[in-house]
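Naming convention: chains lettered A, B, ... in sequence-line order (proteins, then strands); numbering from 1 in each chain. These values consider heavy atoms only, across backbone and side chains, with no hydrogens, waters or symmetry-generated copies.
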Number of protein chains: 2
Amino acid sequence: MSSLDALFFPKSIAVIGASNRPFTIGHRILTNLKRYGFAGSITPVNPKGGEILGMPVAPSILEVEGEVDLVHVIVRNTLVAQTLRDCVTKGVKVAIINTSGFKELGPEGARQERELVEIARAGGLRLFGPNCQGVMNSDPRAKLYANFTFATMSPGHISIVAQGGGVAEVINNYFGMNGVGQRMYASNGNACDISVPEIIEYYGQDEQTRVIVLHAESFADPREFLERVRPVAARKPVLALKSGTTAEGARAASSHTGGLVEQDTISDVLFDKCGVLRFASLSELCQTAQAFASQPVPRGNGVGMVTNAGSPAIIVTDEVVKGGLQVPRLSPQVADPLREKLQAIASVANPIDMMATAAEEEFTAALQALDADPGIDAMVVCFMTPFFVDTLGIAKAVEKVAAGTDKTLLAVGMTNPEEKVEWRETLKRVRQAGVPVYYFPEAAARVLINMDRFRRLRDRPPTGVVEKVVTAPGTAKIIEQATTDSQGFLAPADAAALLAGYGLPLVPERRVESWAEARAAAAELGYPVVLKASAPGLVHKSEAGAVAVGLENEGRLKQAFDDMQSRLAGQEGLAFLLQKHVEQGVEVIVGGAPARDLGPMVMFGLGGIHVEVLRDVVFKLAPLGRAEAESMLDALQGSAILAGVRGQPPVDREKLVDILLRVSCLLSDHPEISELDLNPVLAAPAGRPTLVVDYRVKLERA
Amino acid sequence: MSSLDALFFPKSIAVIGASNRPFTIGHRILTNLKRYGFAGSITPVNPKGGEILGMPVAPSILEVEGEVDLVHVIVRNTLVAQTLRDCVTKGVKVAIINTSGFKELGPEGARQERELVEIARAGGLRLFGPNCQGVMNSDPRAKLYANFTFATMSPGHISIVAQGGGVAEVINNYFGMNGVGQRMYASNGNACDISVPEIIEYYGQDEQTRVIVLHAESFADPREFLERVRPVAARKPVLALKSGTTAEGARAASSHTGGLVEQDTISDVLFDKCGVLRFASLSELCQTAQAFASQPVPRGNGVGMVTNAGSPAIIVTDEVVKGGLQVPRLSPQVADPLREKLQAIASVANPIDMMATAAEEEFTAALQALDADPGIDAMVVCFMTPFFVDTLGIAKAVEKVAAGTDKTLLAVGMTNPEEKVEWRETLKRVRQAGVPVYYFPEAAARVLINMDRFRRLRDRPPTGVVEKVVTAPGTAKIIEQATTDSQGFLAPADAAALLAGYGLPLVPERRVESWAEARAAAAELGYPVVLKASAPGLVHKSEAGAVAVGLENEGRLKQAFDDMQSRLAGQEGLAFLLQKHVEQGVEVIVGGAPARDLGPMVMFGLGGIHVEVLRDVVFKLAPLGRAEAESMLDALQGSAILAGVRGQPPVDREKLVDILLRVSCLLSDHPEISELDLNPVLAAPAGRPTLVVDYRVKLERA
């Protein structure tokens with residue numbers, strides 16, 4: 001039994017700070033609890049005593065008769081601590097603290113909030129909030145509306161947890177207005193104790209919850225999020241909107257919640273690792289949740305459409321195709337018999353366009369054809385409500401097919417239900433058959449695209465399987481003894497030793513100080529060679545003339561060496577590096593950086609202008625599994641370049657995956673690395689060496 | 001006076017094919033005309049005579065008394081031609097042909113449709129349709145509902161023209177359901193005579209139409225569209241959704257309308273040249289039209305927000321910032337006084353976050369502050385309807401500020417109007433103040449982004465100003481006398497002469513056949529040189545070893561020449577080209593291709609993998625103005641590359657613009673060119689030559 005059972009399935013509730021005045025939260029919560037039909041006992045608590053909404057008022061929580069599972073705390077914020085102490089004495093299990101004036105006000109409020117947590121933890125009491133709305137549960141055994149706002153809620157399968165109370169209300173109201181059932185709801189404000197991930201975990205265990213909707217502004221504990229949410233998202237869809245993704249939004253969110261707002265990249269890698277489906281649009285998120293609540297996840301990406309109006313179905317077609325789904329032609333074995341059941345003028349293609357006069361039999365036949373077609377995984381029925389058609393017949397056709405199919409079925413209902421009772425009834429019956437109805441054609445298309453995203457996330461290899469390709473116990477010592485410059489960058493020789501310790505394929509190179517050393521090293525490496533000068537003050541090496549490539553013989557090398565020495569004579573700490581000249585490959589970049597509390601992220605991108613101008617890079621949380629590393633190669637806009645363009649052979653993918661996995665091990669073993677750059681790595685075709693040409697490693701020393 | 005006046009402002013209407021049976025179009029149109037209060041005369045026409053809806057029926061259009069401006073034709077399709085002849089005899093001005101069974105059925109239907117047009121043109125009758133819904137006009141002088149579908153329509157400022165009847169209904173219904181007024185409406189199906197561009201032109205002249213909504217599936221006459229729509233879009237927003245943009249969608253559209261469906265690029269260049277605002281989402285289009293109908297176009301891109309719930313305003317912030325707008329901090333001169341008018345806990349930033357308890361005075365003060373702030377061009381007021389607040393006060397604040405401001409003002413009304421009369425009233429009053437109300441926060445943000453797109457389109461230099469940088473009368477002769485290969489490609493020497501005729505900067509080059517010629521040519525050009533072999537059978541020159549670059553002296557050239565000669569000895573028609581070796585520049589591509597009926601398009605892109613893999617190219621219709629050519633340089637994803645990356649200097653923009661303008665002249669002068677490729681062009685920094693390295697020109701011979 002979870003400690004959150006007392007929150008979502010309480011047997012008895014007390015409202016501490018209950019009031020007789022209608023425009024107070026203490027009154028409103030009592031009204032909501034009664035109005036929604038809470039089956040357990042409700043006790044208003046107020047030192048003034050008396051009666052509220054016909055219920056006798058207890059002067060103190062200590063004087064409430066019997067056990068109390070859940071309390072609302074609505075007293076002034078200076079009184080909350082004492083109230084919680086009383087709750088502990090009483091043996092209350094969970095307290096929802098609606099009262100605000102804590103962490104969101106700054107450091108002093110944060111201190112007071114920590115005090116509440118200490119009181120609760122010491123006394124075995126769980127806290128929800130403070131500065132929060134509350135919870136809801138439509139389960140008939142619970143009938144719980146422990147929340148001070150009120151929006152219509154019918155039983156269903158969508159559970160919501162939202163950091164922003166306003167956004168929570170927008171989601172809640174949307175479902176209420178559209179007759180979409182909900183299961184549970186939690187808006188836990190400052191979340192000082194019971195956390196968002198803990199609630200998601202609870203929803204994950206709740207059988208009636210088929211889809212979870214999350215609104216997040218910050219991650220109090222990203223590691224906890226990862227650990228609790230990943231197993232849930234592997235089983236059921238978790239749909240998330242993260243706001244505060246721009247600097248301006250983050251500034252607003254920060255001033256609003258007092259929470260530390262993450263870089264957007266960190267949300268992305270966290271959601272990706274967990275398998276959470278991220279949305280940029282709240283309406284799209286709500287509409288998608290609606291479909292997951294009553295429809296199966298499509299088995300594949302084939303979409304079929306039936307319509308009594310051509311043009312809207314074309315919009316669906318365009319949109320799903322742009323989203324990567326297929327709109328296959330109908331199989332002859334279903335198309336041919338269907339043709340005989342429709343009017344001659346109908347188009348038995350996909351979309352099946354039946355003209356405005358189509359009635360029940362035609363809709364039934366067309367939908368059954370899609371259901372029977374092996375190329376179709378999801379069906380969309382689009383309909384207007386022409387005045388000359390019995391539109392209830394359309395609803396009957398949908399009901400019939402919906403009852404018998406295991407394919408996904410969505411509707412686009414392009415009618416105004418207020419115009420005619422028959423049309424309202426038509427939409428209602430389609431909805432009651434479990435078929436979500438959208439008004440705009442593109443909305444249904446977007447939902448299918450999102451369902452397909454979920455399918456692919458769910459079916460990918462689990463992200464928890466880590467590929468430990470290399471152990472390098474000796475490298476701890478390299479780091480410990482390494483020299484770093486004032487910014488924390490490892491001396492090149494130390495960096496090289498560290499990377500070599502993880503088996504990363506560095507270009508053969510030698511550090512040299514004199515012409516004699518350079519000459520000997522070049523003879524050893526073999527011509528052609530590359531000569532690079534380095535000095536702490538040298539930033540743009542190429543522009544400074546500190547790089548000479550393709551030196552084919554000793555004469556050329558000498559000339560380059562002398563040139564650099566005279567040109568850079570004034571540079572403090574001048575040093576030279578001699579590298580084997582590498583044949584051209586595809587320039588890629590592999591890197592790493594820490595994601596607060598989540599450990600390191602591995603970065604992969606196409607090099608040069610792709611990373612600098614187009615920002616075509618992908619990040620994933622380490623440690624990586626092999627499939628994750630592979631997916632990074634395909635996640636770039638310019639991925640086709642790796643497969644070979646302009647007559648080039650494809651690069652050696654296995655080798656790049658191996659490098660990513662080695663970097664993943666390196667970063668995971670050494671969390672003190674604050675920046676790692678292998679840039680460029682020249683990716684060669686299979687059979688030729690893929691090599692790291694330049695690199696740097698920065699430490700965050702404690 | 002326009003000939004469409006009789007369509008949108010008829011004084012008298014006859015319905016030919018009127019019926020007493022309710023589920024017929026002939027009955028429905030009469031019902032709609034009466035129900036909407038048409039002020040002129042209505043005459044049902046049916047050979048059976050009698051009475052319909054209390055109106056006496058004329059047996060024939062010839063026997064209707066008085067003048068008839070407009071008729072509906074609903075007779076069987078075989079009778080339409082004779083009916084039109086009668087209409088001509090009667091002197092009818094416009095006929096709406098609702099009857100279907102023409103072009104949409106194939107060639108025979110198309111032939112019959114052409115016959116109708118001939119009858120009408122000969123008799124001075126204009127045709128609307130066939131296979132169409134009809135028109136509407138909410139003007140109190142017209143009160144015209146000449147359409148067989150019915151959706152609520154209140155007077156307003158949005159005029160609609162839609163090719164797809166279904167999509168037209170979706171748009172129409174959306175406005176009806178959301179209480180958004182409309183001005184005129186036209187769904188003209190096959191559009192055999194009165195065309196979509198003609199209707200847009202009419203809307204353009206109608207003072208009460210502030211915004212035009214267009215749905216298009218194909219362009220019957222793109223040239224007509226360009227000529228009629230461009231002047232309209234320069235004055236008022238034309239919002240368009242083009243469907244059939246994917247191959248699958250086009251297939252469906254084609255089977256649906258029988259129209260020739262354009263490549264999506266052609267829609268893009270056409271809309272761009274006209275200044276039409278293109279949408280991918282129908283809901284976003286409708287929501288944006290709603291704002292244009294009652295709100296001014298923002299003067300700049302600064303957005304300010306006021307809210308009584310923090311989290312939804314953060315969503316607006318994120319979205320507008322991602323869309324390129326600014327959310328500036330408030331100016332101190334408005335922020336400081338505002339702080340004293342709000343609760344201490346309120347955040348006087350942007351968004352102004354006032355907490356849920358904020359009432360009328362606070363909303364007024366905050367909105368007035370935004371109105372006074374010079375950095376703010378558009379304001380968004382976001383509100384929940386907390387039960388403890390007099391929400392009508394919020395509406396009053398909005399009314400007050402809306403009446404006095406010339407800035408754009410939108411609302412996000414996050415409430416369910418069905419829950420409480422007060423909330424319904426609140427939304428209603430905000431709407432009546434001319435302030436569009438959206439439910440989801442991101443919807444208001446998207447609308448502002450779209451209004452900003454319009455502002456930038458409207459304020460760009462007019463696209464009709466053409467920059468004729470070069471005339472090359474002699475080139476007609478070059479083309480006339482040119483040699484082409486079997487595919488139509490000009491012989492290299494002819495292509496070079498043509499390009500040189502337009503002053504395009506070709507790399508200095510010589511065609512040579514023997515070593516002696518090569519040697520002499522190299523001496524003349526100066527080393528280093530590039531040697532290229534060509535032959536009709538040689539496609540991938542680099543892979544075939546037919547290109548040698550950076551040949552620094554005669555010895556190297558000789559070696560390369562001999563190598564190629566022996567390696568390619570078997571090639572039929574082997575020829576050699578010697579070019580001056582060009583220092584590296586940014587590789588770009590300039591090209592051209594015809595857009596059906598619209599003349600040529602000029603293409604510009606970054607070369608190599610940018611064009612091949614990332615499809616980072618832009619097309620514009622020729623002839624180009626200078627500003628248009630400039631805008632092409634900035635339209636690429638990778639435009640920053642032209643400005644200089646990795647320490648490179650910026651390329652010579654003026655020179656690239658000059659090349660684009662010369663290509664525009666060349667393509668406009670020679671419409672017989674079906675393909676032009678200058679690839680690569682090496683764009684150099686100012687002061688160094690930008691040169692065309694390779695090129696080909698293909699002709700479409702008649």
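- Side-chain N or O atoms of E169(A) include none that pairs as donor or acceptor with a backbone N or O of M414(B) at under 3.5 Å.
- Contact of T24(B) with chain A is made through the backbone alone, with heavy-atom distances under 4.5 Å.
- Neither the backbone nor the side chain of P386(B) comes within contact range of chain A; no heavy atom of the residue lies under 4.5 Å from a heavy atom of that chain.
- Annotation: the span from L241(A) atom CG to D318(B) atom CG amounts to 8.5 Å, rounded to 0.5 Å.
- Two residues are said to be in side-chain contact when any heavy atoms from C-beta on lie closer than 4.5 Å; T246(A) and V327(B) fail this criterion.
- Using a 4.5 Å cut-off between heavy atoms, E418(B) makes no contact with chain A at all.
- Within the cation-pi definition used here (under 6.0 Å to the ring centroid, within 45° of the axis), R28(B) does not qualify as a partner of F388(A).
- Heavy atoms of S100(A) lying under 4.5 Å from chain B are absent altogether.
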May I have the step-by-step check of side-chain contact (heavy atoms from CB on, under 4.5 Å) for T245(B) and K322(A), ending in yes or no? CA-CA 9 Å; T245(B) 57; K322(A) 279 188 275 179; 4.0 Å; yes
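- Interatomic distance, F150(B) CZ to N416(A) CG, rounded to the nearest 0.5 Å: 10.5 Å.
- Contacts of E419(B) with chain A are made by side-chain atoms alone, with heavy-atom separations under 4.5 Å and no backbone atom involved.
- Taken to the nearest 0.5 Å, the CZ atom of F279(A) stands 11.5 Å off from the CD atom of E442(B).
- If you measure heavy-atom distances from M177(B) to chain A, the contacts under 4.5 Å come from both the backbone and the side chain.
- In plain terms, the two heavy atoms of I315(B) and S243(A) that are nearest each other are CG1-CB, 3.9 Å.
- With chain B as partner, the option from R329(A), Q637(A), M355(A), E319(A) having the largest number of non-hydrogen pairs under 4.5 angstrom is R329(A).
- Interface residue A280(B): backbone and side-chain heavy atoms are both found under 4.5 Å from chain A.
- For chain A, the nearby part of C286(B) is the side chain; its heavy atoms alone come within less than 4.5 Å.
- No side-chain donor-acceptor contact under 3.5 Å links Q163(B) and S311(A).
- The nearest pair of heavy atoms linking A309(A) to G166(B) is CB-CA, 4.1 Å.
- The candidate from A356(A), P441(A), G638(A), S281(A) with the greatest count of non-hydrogen atom pairs under 4.5 Å with chain B is S281(A).
- Looking only at side-chain heavy atoms (C-beta outward), Y439(B) and Y174(A) come within less than 4.5 Å of each other.
- Atom CZ of F387(A) and atom NE2 of H27(B) lie 9.0 Å apart (nearest 0.5 Å).
- Between chain A and the residues C382(B), A640(B), S283(B), the most heavy-atom pairs under 4.5 angstrom are made by S283(B).
- Taking chain A as the reference chain and counting heavy-atom pairs below 4.5 Å, the highest number among T152(B), T149(B), I25(B) is found for T152(B).
- Atom CZ in F23(A) sits 14.0 Å away from atom OG1 in T357(B) (nearest 0.5 Å).
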Under the side chain to side chain donor-acceptor pair (under 3.5 Å) criterion, do T317(A) and E248(B) qualify, and how do the steps go? CA-CA 7 Å; T317(A) 305; E248(B) 292 82 348; over 6 Å; no
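- Between L105(A) atom CG and I345(B) atom CD1 the span is 5.0 Å, to the nearest 0.5 Å.
- Heavy atoms of Q326(B) lying under 4.5 Å from chain A are absent altogether.
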